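Everything on this sheet refers to the single structure shown next.
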Protein chains: 2
Amino acid sequence: MRYRKIPDEAVRRLPVYLRAALHLSGRGIECTSSQGLADFIGVEPWQIRKDFSYFGDFGVPGVGYNLSRLIKHVNRILRLDTGPKAALVGVGNLGTALLTFPGFRMYGLEIAAAFDIDKRKIGRRKAGVLIEDVAALSDLRTRGIDLGIVAVPEATSQQVIDALAQAGIKGILNFSPRHVVVPRGMKVITIDIAMDLARLPYYVPAG
Amino acid sequence: MRYRKIPDEAVRRLPVYLRAALHLSGRGIECTSSQGLADFIGVEPWQIRKDFSYFGDFGVPGVGYNLSRLIKHVNRILRLDTGPKAALVGVGNLGTALLTFPGFRMYGLEIAAAFDIDKRKIGRRKAGVLIEDVAALSDLRTRGIDLGIVAVPEATSQQVIDALAQAGIKGILNFSPRHVVVPRGMKVITIDIAMDLARLPYYVPAG
DNA sequence: GTTTGTGAATAGTTTCACAGCA
DNA sequence: TGCTGTGAAACTATTCACAAAC
């Protein structure tokens with residue numbers, strides 16, 4: 001493999017490949033081809049080979065990919081091998097759903113702290129996680145937390161992100177659709193649920 | 001404007017522009033420039049002008065965009081002007097969060113029906129919506145529903161999507177990461193929350 | 001003077017086709 | 001023979017720069 005710029009889209013797909021590898025590995029399969037992975041995911045095999053090629057040699061020509069090796073490799077690339085911990089801010093309906101969300105576990109991700117502004121929630125536990133006062137949010141890195149999940153009303157998302165930045169957080173999964181300004185070096189991935197539902201009718205024939 | 005293929009990315013951004021227009025309009029602003037919209041959203045103004053250019057003439061040179069006209073125009077393009085209704089399948093933690101989610105309203109979207117497999121939930125109401133038996137899911141078009149939201153465990157997502165297709169649904173917002181096969185003409189937009197959190201550590205400097 | 005709308009240039013991503021290795 | 005890894009080609013999207021419109 002020679003160096004070249006890694007497409008963002010290739011990075012975005014790595015977790016998908018990782019999930020497929022984990023699934024197939026869980027079924028007792030040790031080795032599979034790009035075709036085997038592609039069929040599972042519903043993409044084309046050269047897409048997978050191309051994406052992997054940006055990160056090094058994953059497979060063996062004529063044979064395929066050893067799944068446990070692939071899993072280890074992708075886990076390291078995505079920095080999931082250290083079991084990243086996230087702090088959730090906003091324990092409303094969406095926040096609660098995220099606390100109990102089963103999908104994080106397979107990636108080794110964990111919500112290790114939760115914060116809210118509501119005095120009635122503070123001090124209680126939800127899904128085993130203590131809800132703390134968002135006003136006391138500070139220094140999360142010393143607690144081994146370096147990701148943030150923002151599930152607050154959009155009016156407060158900017159100040160929450162500022163507070164998370166102050167607490168040393170460099171990566172945020174943001175469910176608020178409002179534009180936020182972030183310090184240099186911070187990465188924000190926004191999930192805009194309403195936007196995604198709102199563009200759906202465009203594709204649906206009028207009726 | 002001359003015809004050319006409309007980029008998917010431009011369609012994806014239309015709801016963002018619509019939200020900005022609604023916000024600014026709500027503040028009493030009648031007219032703004034692409035720069036004014038861009039500042040609000042956090043993008044560059046030519047991106048907005050280019051995107052609008054695929055759909056026709058929205059603005060007035062030297063003046064800008066009349067917001068109520070813009071809102072009406074974008075609403076029609078996205079087919080939001082008829083107030084699309086969605087059926088939610090899966091009233092777990094995530095489904096409940098979606099039922100109470102405030103973000104759909106501004107787009108004129110409504111969750112008009114909810115389905116679950118759990119007998120204890122069926123017959124009850126949540127956020128004013130009656131929870132019906134998913135086994136009785138049929139013929140949603142006659143109820144004026146043409147969108148589906150799938151928030152079920154991934155093991156059942158395929159059969160739920162099959163049932164929605166049977167019920168006449170042509171557009172689905174899918175929260176299950178599993179690959180699903182869909183009938184021709186059906187559009188599925190997948191939100192993969194775990195995938196988005198899982199690629200975040202990649203961008204965060206090791207520490 | 002100001003701002004739009006858009007052709008042209010640049011950048012990024014996907015797809016192909018096949019050399020090279022097991 | 002079968003499958004990977006990858007240059008090259010094709011396609012798609014972003015960015016620029018400016019003529020035309022107000």
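It should be emphasised that the depicted structure is a prediction, and the values quoted were computed from it without experimental measurement. The basis for the numbers below is simple: all heavy atoms, side chains too, and nothing from hydrogens, waters or symmetry mates. Chain identifiers are assigned alphabetically (A, B, ...) following the order of the sequence lines, protein sequences preceding nucleic acid strands; residue numbering begins at 1 within each chain.
No side-chain heavy atom of Tyr17(A) sits under 4.5 Å from any side-chain heavy atom of Leu70(A). The shortest side-chain heavy-atom distance between Phe55(B) and Val11(B) falls under the 4.5 Å cut-off. With contacts defined as side-chain heavy-atom distances shorter than 4.5 Å, the pair Asn66(B)/Val60(B) does not qualify. Residues Thr190(B) and Pro177(B) have side chains not in contact (no heavy-atom distance under 4.5 Å, counting atoms from C-beta outward).
Put simply, NZ on Lys5(A) is 17 Å from P on dG7(D), counting in whole angstrom units. Taking atom CD on Gln47(A) and atom P on dT4(D), their separation rounds to 15 Å, with Å as the unit. One interatomic measurement links the two molecules: CG of Asp51(A) to P of dG12(C), which rounds to 16 Å at whole-angstrom precision. dT14(C) atom P lies 13 Å from atom CD1 of Ile48(A), rounded to whole Å. Lys50(A) has its NZ atom 16 Å from the C1' atom of dC3(D), to the nearest Å. Summarising the geometry, the separation between OH on Tyr54(A) and C1' on dG7(D) is reported as 11 Å, rounded to the nearest angstrom. Atom-to-atom, CZ of Phe58(A) to P of dT6(D) comes out at 11 Å; the value is rounded to the nearest Å. For the pair Trp46(B) CH2 and dA9(C) C1', the interatomic distance rounds to 13 Å; values are reported in whole Å.
Counting non-hydrogen atoms under 4.0 angstrom, Arg12(B) reaches nothing in the nucleic acid.
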Show the distances under 3.5 angstrom between N or O atoms of the protein and N or O atoms of nucleotides 19-22 of chain D.
{"from": "dC22(D)", "atom 1": "O4'", "to": "Pro61(B)", "atom 2": "O", "distance (Å)": "3.3"}

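The side chain to side chain donor-acceptor pair (under 3.5 Å) check on Asp192(B) picks up Arg19(A), with sequence neighbours excluded.
Dashed line: the shortest gap from a side-chain N or O of Arg13(A) to OP1 or OP2 of dT14(C) is under 4.0 Å. The side chain of Ser34(B) contributes an N or O atom lying less than 4.0 Å from OP1 or OP2 of dT4(C). For the pair Tyr65(B) and dT2(C), the criterion of a side-chain N or O lying under 4.0 Å from OP1 or OP2 is not met.
Relative orientation of the Phe58(A) and His73(A) rings is parallel, given thresholds of 30° and 60° on the angle between their planes.
For Arg49(A), the side-chain atoms get nearest to dA17(C) when compared with the rest of dA13(D), dA17(C), dT14(C).
With 3.5 Å as the limit, one finds no donor-acceptor pair spanning the side chains of Thr96(A) and Asn93(B).
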